[in-house]
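Below: one structure, written as structure tokens.
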Amino acid sequence: MPQLLDKARYITLLLLLTTLAANTSPAEDQFNFGDSDIVHFQDSNVLPEREEVLHYLLFNFTSRLVFFPHTEKGRPLYLTVIPCASPIEWTLLHGGKALYNHTGGESHSLHYTTGTPGLYTITLKPLESDTYVKLYISDSFPLKTYPVLPDDDTVKIKKKSRKGFSVEWNKSPKETPFDNIIEYHIAVNRKRSFDTFCSLMSHLHGDKRPSRPDTFNFLEEEKRYQKFLREANPIKAAKKNAISYRKTNATVFNFNRARPGRKYFVNVYVYNKLTRLASAFQSLEVRTKPGKRKPPSVKRLKNGQIQVHQFTKPKELLTMEFRVSKPAKEALLGVQVCGQKVRFQIRTKKKKWFSRKIQNYKEFTLTDLPKDTYTIKIKGSKKGGGEVRFTLTTKKNKYKFPSLPKKTSVTSLNTTCENVTIAWVGETRRQTFCVYKTELSEAQSGLRPKIDQCSSEIDKASEKVFCKRFRNHRQQHALQETVTGLKTGRHYRIDVTVIRNKRSKMFLRYDSLYVKTEDTC
């Protein structure tokens, strides 16, 4: 809003004073600006006395209003400021000196028992948005048109649960059994407190744009006021159901649409149906009781499914469930650990069926499993990191891991200048074995790195010799194959891998075999 003390507005004030003073006889009371009519307020920014004024404030803009109380010394001074859409910061000044400052969104009244004659200025600045503000000034009596609150104007929690709560308050002293003009309005929402009734109405319905006063303005004043109207940005109504608004004649209210563990703002107002004015009780915050803690969702391992989990935290715990729908004579468990050892446990509510620390690749058989839900718990290492791959099935044909025998070494039966005959122990079920050769330098031949069962591929320098699908009918006898195409007097690493079938991506490695071909043959 344009400031008061510009040239055009100052002339308006002088004309108003001169005109009214000329029509006042000596016998009459001396004229005071405080007696001016409310219709002149928009033109002059002079607050009329004993009249409640509704004024529009722009966000982040400081408005200045003035008033002239009666000039008699010792007269009291009453001032009431009621913010609506936004909390405001306001200051009362006299003769350029700040007398009082207040910041907030509640209705606030100021009372000086012995006011000082002269010009008073009040500055007002909204803190959150554009807002309307109600102002009242008087040197005779305080603002009395609003309903009376009880001495104890607190709202108390009567009871609360996970999904609701009940509040109560004392009745207004003006409430009598012989009339029906007093009722109570209640607002519940999760965003903010509405410390005045006009604050509730602004947020519930949205504010109207400020209207243009139907009074005389100078051209410069007209331009400034048009700019003010363009800059005005009144708040919009809250979303549907964001604010629960109810009316009652009782002094108890039940709210049953709450959610567990949430905070709610409760505002209660005593409302006069004749004057349509309301006074606010102290606001209340209610937090509902927390909901029942749901157990963490546990993923279910399907029969024969390969589960892969990457550990990211020290001592991280992975929990899964496995359902045995009917008694099983045996179940196959395959676990492949990449990195540090892990603790692997399988149990029901009544019994622990399996518990062991595992490293690298292990295969186990669980027998005589009853129908039940089995909990699988895998605890990572203290250092964290690493990966585990595992599968569990009650049907052998669904077991997707390849199988390694207890003895995983590869031996050399015969070495010549150009080939080497190797042997290894297989499994009784049919699987695919692939043999790789890698030529090594003299320095590399002395290295013996550990077998990494989690490596997704063989060394890129390796060359695939062949892949064959077969099985050991008699496990005590080793499988034999000859690797050909080697160079004379060279070092080689021979690797054997096993997969279930050509479509499987899971493979396991036997121990590497290091050989040197003959120099002469």
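Just so you know, residue 1 is the first one in the sequence shown, and it goes up from there. Source: prediction; values computed, not measured. Because only heavy atoms are used, hydrogens play no part in the values below, and waters and symmetry mates are left out as well, while side chains stay in.
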Any sub-3.5 Å donor-acceptor pair from [X]'s side-chain atoms to [Y]'s backbone N or O?
{"X": "Asp372", "Y": "Tyr374", "result": "no"}
{"X": "His205", "Y": "Ala237", "result": "no"}
{"X": "Lys263", "Y": "Glu285", "result": "no"}
{"X": "Ser279", "Y": "Val148", "result": "no"}
{"X": "Gln305", "Y": "Leu301", "result": "no"}
{"X": "Lys160", "Y": "Arg287", "result": "yes"}
{"X": "Glu321", "Y": "Val298", "result": "no"}
{"X": "Tyr132", "Y": "Lys208", "result": "yes"}
{"X": "Arg209", "Y": "Ala232", "result": "yes"}
{"X": "Thr288", "Y": "Arg259", "result": "yes"}

Selection residues 119-130 - residue pairs positive for salt bridge (Lys or Arg N to Asp or Glu O under 4.0 Å), sequence neighbours left out = Glu128-Arg192
With rounding to the nearest 0.5 Å, note down the distance linking [atom1] in [X] to [atom2] in [Y].
{"X": "Leu124", "Y": "Leu65", "atom1": "CG", "atom2": "CG", "value": "5.5 Å"}
{"X": "Leu366", "Y": "Trp353", "atom1": "CG", "atom2": "CH2", "value": "8.5 Å"}
{"X": "Ser129", "Y": "Lys236", "atom1": "OG", "atom2": "NZ", "value": "13.0 Å"}
{"X": "Gln336", "Y": "Arg389", "atom1": "CD", "atom2": "CZ", "value": "5.0 Å"}
{"X": "Asn170", "Y": "Leu149", "atom1": "CG", "atom2": "CG", "value": "10.5 Å"}

Least distance between heavy atoms, [X] atom then [Y] atom:
{"X": "Phe390", "Y": "Phe401", "value": "CA-CE1, 3.9 Å"}
{"X": "Ile358", "Y": "Val337", "value": "O-CG2, 3.6 Å"}
{"X": "Lys400", "Y": "Gly304", "value": "CD-O, 3.5 Å"}
{"X": "Lys156", "Y": "Leu284", "value": "C-CD2, 4.3 Å"}
{"X": "Pro83", "Y": "Glu106", "value": "CD-O, 3.3 Å"}
{"X": "Thr373", "Y": "Thr348", "value": "O-CG2, 3.8 Å"}

key: Stepwise ring pair (Phe, Tyr, Trp, His ring centres under 6.0 Å) test for Phe253 and Tyr184   = CA-CA 10 Å; Phe253 175 72; Tyr184 301 97; over 10 Å; no
query = Would you say the ring centroid of Phe67 lies under 6.0 angstrom from that of Tyr120?
reply = yes
inquiry  = Tell me if the aromatic rings of Tyr112 and Tyr100 count as close, with their centers under 6.0 Å from one another.
reply    = no
task = Run through Val188, Ile186, Leu200 and flag the one making a side-chain contact (heavy atoms from CB on, under 4.5 Å) with Tyr245.
result =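 Single pass found, and it is Leu200.
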request  = Could you check Asn267, Asp153, Asp195 and say which one makes a side chain to side chain donor-acceptor pair (under 3.5 Å) with Gln282?
outcome  = Asp153
Hey, what's the ring geometry for [X] with [Y], parallel, tilted or perpendicular (30° and 60° as the breaks)?
{"X": "Tyr56", "Y": "Phe228", "answer": "perpendicular"}
{"X": "Phe197", "Y": "Tyr269", "answer": "perpendicular"}
{"X": "His102", "Y": "His108", "answer": "parallel"}
{"X": "His185", "Y": "Tyr271", "answer": "parallel"}

request  = Show the numbers, then the answer: is there a side-chain hydrogen bond (donor to acceptor under 3.5 Å, both in side chains) between Thr131 and Asp207?
outcome  = CA-CA 8 Å; Thr131 184; Asp207 275 340; 5.2 Å; no
query = Would you call His309 and Met320 a side-chain contact if the rule is heavy atoms closer than 4.5 Å?
reply =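 Not in contact.
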